[in-house]
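One structure below.
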Amino acid sequence: MRDWVLHLDLDAFMAAVEILRNPELRGRPVVVGGNGDPTTPRTVVATASYEAREYGVHSGLPMRTALRRCPDAVYLPIDLPAYESASAAVMTLLHTFPVTVEVWGLDEAFLGARTDDPEALARDIQRAVTDKTGLTCSIGIGDNKHQAKLAAQFEKPSGVSRLTTDTWPEVMGERPTTALWGIGAKTGKKLADLGLRTVTQLAAADPTELAARFGPTNGPWLRYLALGKGESTVTTTPWVPRGHSHETTFTQDLTDPAAMRAQIAALAVRLAAETEGRPVVRVTVKVRSAPFTTHTRQAKLPEPTHDAATIEQAALAVFDRFDHGRPVRLLGVSVEYG
DNA sequence: TCTGGGGTCCTAGGACCC
DNA sequence: TCTGGGGTCCTAGGACCC
């Protein structure tokens, strides 16, 4: 018997929930995103069913592009309460297994398990999830979260894969650094500029050089990722959010300062109602101007507060510090808790 | 491809103090 | 008076993830 980390990833989650409640959609390309109208500008795909992915439709793609690529898809608006409810059913079910469950967003969870046969456990869990909820999932098995997370992507949908420290070099070694969980396009490009293209090359890189280029924490951490290391503790302790934010992208740019201030005030009041009693210590305002330049301004409050009027006034004061003039496509407010 | 919304963490630079 | 470092706090931006 030994400890394993499993990562469970619900397949095409939002689209799958929509198909469950409308079985006529099964087998058709289904795209969930924005308000469900794919002609609305400045909206993107949240989730595409596997049938829709065949047409090159994927998360983050502008809805209007999705419509061009797959005009016959069924387009649906995001229905968060429905996904929260489906997610909760899965997470509750997971707790009936002899595992520790760390919920990681609506459609993911890490599981800590002590077993001789993690594949058998994974298949049991998959069967139960499908029997009880109608959803399918992929499960990755590893020595730590990083490995389990990557393994879960190997055979989607409905796959079970194992990636361990033993198999890491042969499975991951020749892949690009961006295959690692935490290295995106920007960092991948910077690494390539240093001649570090593959996981093996990054694993063998000089930590001092990486620290000089990427900072004292990030530099060594990149090499750590390439060695297949990662957190192996699965904790049941519920996540305590550091803060909350709301932002709105307008279908058409805002040019009226009074309208902007009204939006800022509304976002701040919304946030103030969601603090759950936690004291707000900092307020940040985000402004994205045409064409696509984003700036933030923030202020530490004189003292922690959960008073809505104080938070609203603070947000407006921060907003007034911006150099105004250009049309605005997005406004956002975030609060940080003490 | 004209590019959402909600999070987390890290970095760099300036202010200020000793 | 020109000038040293270190430590801490704050701010703005960047990168990544789902």
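All chains are named by letter (A, B, ...) in the order of the sequence lines, taking the proteins before the strands, and each is independently numbered beginning at 1.
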Under-4.0 Å side-chain N/O to phosphate OP1/OP2 contact, A:R64 with B:dT3: no
B:dT8 phosphate, OP1 or OP2, under 4.0 Å from A:W239 side-chain N/O: yes
Test of ring centre spacing under 6.0 Å for A:W168 and A:H146: yes
C:dA12 OP1/OP2 closer than 4.0 Å to side-chain N/O of A:K286: no
C1' spacing across the pair B:dG4 / C:dC16, given as an integer number of angstrom: 16 Å
Partner set under ring-ring contact (aromatic ring centres under 6.0 Å, His included) for A:H324, not counting sequence neighbours: A:F319
From B:dG4, C:dG13, B:dT1, nucleotide with atom closest to A:R297 side chain: C:dG13
C:dA12 OP1/OP2 closer than 4.0 Å to side-chain N/O of A:H295: no
Between A:N144 and A:E231: side-chain donor-acceptor atoms closer than 3.5 Å: no
Under-4.0 Å side-chain N/O to phosphate OP1/OP2 contact, A:R69 with B:dT1: no
Under 4.0 angstrom between A:R288 side-chain N/O and B:dT3 OP1 or OP2: no
Short side-chain N/O contact to B:dC10 OP1/OP2 from A:T217, under 4.0 Å: no
Note, A:L93 side chain near A:V129 side chain (heavy atom, < 4.5 Å): yes
Contact under 4.0 Å: A:R213 side-chain N or O vs B:dC10 OP1/OP2: no
Short side-chain N/O contact from A:S245 to OP1 or OP2 of B:dG7, under 4.0 Å: yes
B:dG6 OP1/OP2 closer than 4.0 Å to side-chain N/O of A:H246: yes
Contact under 4.0 Å: A:T187 side-chain N or O vs C:dC16 OP1/OP2: yes
